[in-house]
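Proteins get letters first, then strands, A, B, ... in listed order; numbering begins at 1 in each.
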Amino acid sequence: MSDRYNFEFIEQKWQAKWDKTKAHKTIANEKPKFYCLDMFPYPSGRLHMGHIRNYAIGDVLTRFQRMQGYNVLHPMGWDAFGLPAENAAIKNKTHPAEWTFNNMDYMRAQFKRLGFTYDWDREFATCDPDYYKWTQWLFLKLWERGLVYRKEQLVNWCPSCATVLANEQVVDGECERCGAKITHKNLEQWFFKITDYADRLLNNLDKLPGWPEKVKAMQRNWIGRSEGTIIKFTVFKDEYLECFTTRADTLYGVTYIVLAPEHPLVARLIKGNPEEENCRAFIEEVLAQDEIERLSTEMEKKGVFTGSFAKNPLTGEEVPIWLGNYVVATYGTGAVMAVPAHDSRDYAFAGKYKLPLKYVVFPEKAELSQNEAYEGEGVLKNSGTFNGLANKIAQKEITLELERRSLGHFQVNYRLRDWLISRQRYWGAPIPMLYCDKCGIVPEKEENLPVLLPVDVNFAKKGTNPLKTSQNFVTAVCPICGGKAQRETDTMDTFVDSSWYYLRYAGPSKDKIFDLEEAKYWMNVDQYIGGVEHAILHLMYARFINMVLYDMGLSPKEEPFCNLLTQGMVLLGGAKMSKSKGNIVESDEMVKTYGADTCRLFMLFTAPPERDLEWSDAGIEGSYRFINRVWRLVYELEPELREVPFTTVDREGLGKEERELQQKLHESVAKATEDIKVKFQLNTALSTMMELVNAIYLYKEQKNHHQGLLRQAIDSLILMLAPYIPHTASELWELTGHATDVHQQKWPDFDANLAKADEVEIVLQINGKIRDRLLVPQEATKEDLEEIAFNSEKIKEILEGKVIRKVIAVPGKLVNIVAG
RNA sequence: GCGGACGUGGCGGAAUUGGCAGACGCGCUAGACUUAGGAUCUAGUGGAUUACCUCCGUGGGGGUUCAAAUCCCCCCGUCCGCACCA
């Protein structure tokens, strides 16, 4: 034992012990459960301080809940498929697997060096054939349920990653991963029908009170549900142009129609018209723009007349059909009925091209201004038989009339698109489908899973899916007719892998996707912790896949994640730590200098978990100082405590200093417990413990110590620090004579009565301004306080010659005298 | 434009059930100990004025209240997400 805080020795000692005894192994039992899950990492290489922060939060919660009597599952593994491995493989002429597994080994050792409570027996990587076999199985189940389809459409293409991407993975027209500008290609791709679940994904958000409002808002926004009407305008003979609108009530105000240049009817609508040339030039111009330009609100609204007309289904009026650069081809029908009198965008467009306005909705009280679009509520005019109806009612009535005439119907539209899951890359789970000359597209048989990634591939050809270079892989046998077939060479989006991993942790299994019985015990995840960057991507995909598994009778809960914490980022120089920016503070370096406990402590103390945190060299020094301070305190008191048994000390017979220390102790336990359990404010829990340490230091200066009370204070302090600085706490627990493991102890209790001070300082106010402060007994009543207040010399002086109007006394807080 | 979060010392941040603004930590200042200190300990640290008293102060303005960082209204600003979605 050393008087110096030797973190290297201490941390290695306890880590070796935890490893050897499998201290963090978890099995389902009769205790109440708690499933604490940190989003598993991509094995990118090395941990930095950002990682430490993420995982330290989950680790504190895990250790705390164990001390609260819960059986806590806290697993860790690897989201191990993905592009960086493949790119590294091309660059270093290795195999992606080698790069990935090396990184996993390195990072696993780093996790252990940080003392995290993971049950390593449950570890897996999504690139293990034992795992991706079930990702493929899941694909087949979705196929069976009609939730998978293959379709040619305009898709996002990342030229740098040489693969297609889902809508969610395109940010501001750029690749979410590499930042390259996205282009568009017409390709046949695989999709998951997430839109079938749009309503449930949306409605269930209301059943997730433990999720941040922000994340729920983002998902609602992304799903973008909108109720409206499809209205059919007649073009040619017996052919219709369908428009989606949320304002069917303004149908009598339609003065033209605008189509996206990509609309399928455009070619026929312009053909042979004098405007044809003009239109072609316009379409070419619009299509030449990239996504960002095209969708920018700054973009000037432009259009051209097609030379054709469409017939309004109710008025029979012929209105001109235009092409517009602002109409989104992929939303609704790609065709908009324009009502310039009641839509400001149409108003601007109509003004520019001298198209007519027709007001049909009039405000009930105010005058209608004809200098702008009126978008508010009102009553219908100029609308035939619908005149006089409130516009909200007219929306329904007009749609019902259209339904009677088979010229329209109610429609719910979503912004959400189906999930494009195929990728033209090697390092992912192969899509288990085949192309047979006779049978067409056929699924692989379940018993033939996993469809293994071949080893004989060539990574050298840039822009080609390496899987295509393996003849052994591509050439296959049709599972139906036994004839010659070709394997699908696309792999699945890695977000498919991570959409069900939490179930695998909860119920590891050799012969099933997961063990249903064990998963029933653990699910759902009580606390999920991860970055807000997954607010839409992973968190919506996972909810969707879990919902499908729930419908299949497999997943025990409809929603997988009960409570969600989106922790803030660790910044350096105001920017998120990232390899590409080169602003990384490496875990290894800091652990070597200060030890794991100090790193953890700093990350938790400096800011509340949800907020971003700026790295500070001085800040980590402060945390290191605090641990040293605790170390010295316990080390110096240890000789007189070693033989003192732990007891709970009563208030009776204690001296003033003892009573103060006791009060501080109980108050600290109460606050540290509430902060972590209710508020999730680890920073304030820690500041409370710092105050307790300061109080014990102060008491230590006393001549004769109440050893029983000191023992209780020191023991409680070590217990409360155990989740945060587990190595130091273990060592100090042992040092002070305990034969037990600090992490298997019960969290300390507190007595609410003892947490109150004997005397409290109250303030005396006159007209709300503080004029005096006094110490009064804790139990002083309103009446007592008033008496005390009027006896104060200062108060008497100020009140001279004033009339007292009102006196407010709040026990334990203040007395306020209103006088004038 | 829509939605979410937020604005408190030199800095990170406390206090949000209305009731002492600035806990805790960093930094800074002075002192103690010391051969030395980038260790440790003690004291101080919102601003103005300063022996004391006092006044001002939570982005700005108004309001409710005995009492507002906290509740209400208006405005300004920052960050994040979505964005010509019909």
Please determine if a side-chain N or O atom of Arg625(A) lies less than 4.0 Å away from the OP1 or OP2 oxygen of rC24(B). no
Nucleotide forming a Watson-Crick or wobble pair with rG10(B), both distances under 3.5 Å: rC26(B)
Using the P atom as the point on both nucleotides, what is the distance between rA14(B) and rA23(B), in whole Å? 13 Å
Pair partner, rA48(B) [Watson-Crick or wobble, under 3.5 Å]: rU54(B)
Looking only at side-chain atoms of Asn221(A), point me to the closest of rC24(B), rC82(B), rA86(B). rC82(B)
I'd like the P distance from rC41(B) over to rG77(B), given in whole Å. 47 Å
Identified pairing partner of rC82(B), criterion: Watson-Crick or G-U wobble below 3.5 Å: rG1(B)
Ala335(A) vs Ala618(A), nearer the 5' end of RNA chain B by closest nucleotide: Ala618(A)
Applying a 4.0 Å non-hydrogen cut-off, can you work out what Val818(A) is touching in the nucleic acid: base, sugar-phosphate, or nothing? sugar-phosphate
Could you let me know what rU35(B) is paired to, Watson-Crick or G-U wobble, both distances under 3.5 Å, or none if it's on its own? none
Keeping the roles fixed (side chain from Arg53(A), backbone from Gly568(A)), state whether a donor-acceptor pair exists under 3.5 Å. yes
Touch check for Gly622(A), heavy atoms < 4.0 angstrom, all strands: base, sugar-phosphate only, or nothing? sugar-phosphate
Do Glu621(A) and Tyr594(A) have side chains that approach each other closer than 4.5 Å (heavy atoms only, starting at C-beta)? yes
Distance check, C1' atoms only: rG60(B) and rU78(B), in whole angstrom units. 15 Å
Would you say the side chains of Glu375(A) and Ser344(A) form a donor-acceptor pair under 3.5 Å? yes
Sticking with atom C1', work out how far rG9(B) lies from rC84(B), rounded to a whole angstrom. 46 Å
Just by distance, do the side chain of Asp418(A) and the backbone of Ile194(A) share a donor-acceptor pair under 3.5 Å? yes
I'd like to know if the side chain of Arg543(A) and the backbone of Leu201(A) have a donor-acceptor N/O pair within less than 3.5 Å. yes
Find which nucleotide of RNA chain B each of Ser623(A) and Val171(A) is nearest to by heavy atoms, and output the residue with the more 5' nucleotide. Ser623(A)
Just how far, in rounded Å, is C1' of rC53(B) from CG of Asp772(A)? 14 Å
In whole angstrom, give the distance that lies between atom OH of Tyr347(A) and atom C1' of rC84(B). 18 Å
Would you give a per-nucleotide map of nucleotides 6-22 of chain B, 5' to 3', where B means the base has a protein non-hydrogen atom under 4.0 Å away, S means only the sugar-phosphate does, and - means neither? ------BSSS---BBS-
Would you say NZ of Lys358(A) has more than 12 non-hydrogen atoms from neighbouring residues, nucleotides or ligands within 6.0 angstrom? yes
Residue-phosphate contact under 4.0 Å: Arg632(A) side-chain N/O, rA39(B) OP1/OP2: no
Remember a base hit wins even if backbone is also touched, and classify Asn694(A) as base, sugar-phosphate or nothing at under 4.0 Å, heavy atoms. sugar-phosphate
Only pairs with both distances under 3.5 Å count, Watson-Crick or wobble alike; so what is the partner of rU16(B) in this structure? none
Identify whether the glycosidic angle of rG63(B) places it syn (within 90° of 0) or anti. anti
Looking only at the aromatic ring of each residue, does the gap between the centers of Tyr5(A) and Tyr635(A) stay below 6.0 angstrom? no
Cationic tip of Arg629(A) within the cone over Tyr697(A)'s six-membered ring, i.e. under 6.0 Å and within 45° of the normal? yes
Once you apply a heavy-atom cut-off of 4.0 Å, does Arg771(A) come out as touching a base, just sugar-phosphate, or nothing? sugar-phosphate
For rA15(B) and rA69(B), measure between their P atoms and round to the nearest Å. 16 Å
Any strand: nucleotide that pairs with rU64(B) via Watson-Crick or wobble, under 3.5 Å: none
Whole-Å distance separating the CE atom of Met218(A) from the C1' atom of rA5(B): 12 Å
Distance between the P atoms of rG18(B) and rC28(B), in whole angstroms? 40 Å
From CZ of Arg415(A) over to P of rG3(B), roughly how many Å is that when rounded to an integer? 16 Å
Checking all strands, does Arg629(A) fall into the base, sugar-phosphate, or nothing category for heavy-atom contacts under 4.0 angstrom? sugar-phosphate
Would you kindly give the CH2-to-C1' distance between Trp631(A) and rA39(B), to the nearest whole Å? 17 Å
Grab the CG-P distance between Leu571(A) and rC79(B) for me, whole Å please. 14 Å
Could you check whether Val327(A) gets within reach of a base, just the sugar-phosphate, or nothing at all, counting any heavy atom under 4.0 Å? base
Using atom CD1 of Ile798(A) as one end and atom P of rC53(B) as the other, report the distance to the nearest whole Å. 12 Å
Once you round it to whole Å, what is the distance between P of rU40(B) and CZ of Phe626(A)? 14 Å
For rA5(B) and Lys214(A) - does any side-chain N or O of the residue sit under 4.0 Å from the phosphate oxygens OP1/OP2? no
May I ask you to evaluate whether Tyr326(A) reaches the phosphate of rA86(B), defined as a side-chain N or O under 4.0 Å from OP1 or OP2? no
Which value, in whole Å, describes the distance between the C1' atoms of nucleotides rC82(B) and rG38(B)? 50 Å
Is there a donor N/O on one and an acceptor N/O on the other, under 3.5 Å, for the side chain of Lys301(A) and the base of rC84(B)? yes
Going by the side-chain contact (heavy atoms from CB on, under 4.5 Å) test, name the single residue among Arg220(A), Gln219(A), Lys214(A) that passes it with Lys216(A). Arg220(A)
Using the P atom in both, what is the distance from rG10(B) to rU58(B), to the nearest Å? 13 Å
Determine whether the side chains of Arg611(A) and Gln567(A) contain a donor N or O and an acceptor N or O closer than 3.5 Å. no
Can a donor-acceptor pair be found, under 3.5 Å and without considering hydrogens, that links the side chain of Asn767(A) to the backbone of Ala819(A)? yes
Watson-Crick or G-U wobble partner for rU70(B), using a 3.5 Å limit on both distances? none
